[in-house]
Amino acid sequence: MQFAPVCKGCIALGAKNPVPLSGPASYVMRLLGVRRSRMNPNICTYCEAHFQPGTNKQYQTVTATVLFADIRGYTTLSLQINSDLMAGVLSQIYDQVAQVVWAHDGVVNKFIGDAVLAIFDFPILREDAEVQAVAAAFGIVQAVRDLAPKILPQLDATALAVGIGIHTGELTVGKIGEVGADVTAIGPTVNLASRLQGAAGPGEVLVSASTYQAISVSFPAAEERRCSLKGIPEPVQAYALKVN
Ligand SMILES: [Zn+2]
């Protein structure tokens, strides 16, 4: 995969001098502590964390699309194979998932065990971010489906199926707190995306109404569904997309 020579986040923010990510000028930036982000190699670590230039505030509230994915067969599988082999399996999956997210201009905020949290439309701003997020979701389901029989030939392809939840709304992103200064994303939008993921079946992408209104033209085959979600009092209207 070819990475961007100049930070796409800086460009999206309208910076006059976007941070160079390759070539001699990038060495200077690295000396200054600014390098390619591990969450998306097409953006710089400045865009990743210093959301409000000129202030010390390292977090901000933005409107973005959150994608949660997790592996359905994980618990069963982790009982069948040893943790060393499992680590190898997860590492290959993480790698594939990250490539797919980056190809759609998202950032991989976190891998949490068998789950992935990705964000679209921040810091790389895109008009079609919701469509990109859903396209990435399809790509993730397909990538894991293709990878499963290769890394675990003794299992059938459905043993490692992925369920995905996507929601668009406000969230707070940045370095929150002093300890373990990782970039994190919090807020009800993140929670709802996570709950939708919990309700998604294997090989299914469950999107909220706010995401769906931006993608309905591109993905007309969605099935409307009312979901009772853990921790949310009222049933939530969602749209299910099946990856064939
Ligand atoms: Zn940047």
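We count ligands from 1, going down the list as the structure has it; atoms in each ligand are counted the same way. Just so you know, these numbers use all the heavy atoms, side chains as well, and skip hydrogens, waters and symmetry mates.
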| message | Show every ring pair (Phe, Tyr, Trp, His ring centres under 6.0 Å) that has at least one partner inside residues 224-244, sequence neighbours left out. | response |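 Listed by first then second residue: Tyr212-Tyr239.
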| query | Side-chain contact, heavy-atom cut-off 4.5 Å: Arg30 with Val28? | reply |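 With C-beta onward as the side chain, the pair stays apart.
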| Side chain proximity check, Ser210 to Glu130, heavy atoms < 4.5 angstrom |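 Not touching, per the 4.5 Å side-chain cut-off.
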On a heavy-atom basis, which atom in [X] and which in [Y] lie closest, and how many Å separate them?
X	Y	result
Ala133	Thr65	CB-CG2, 3.7 Å
Ile164	Ala137	CD1-O, 3.4 Å
Phe120	Ala136	CZ-CB, 3.6 Å

| What protein atoms of element N, O or S are positioned under 2.8 Å from the Zn ion (ligand 1)? |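 Within the sphere that stays under 2.8 Å of the Zn ion (ligand 1), the protein atoms of type N, O or S are Cys7 SG, Cys10 SG, Cys44 SG, Cys47 SG.
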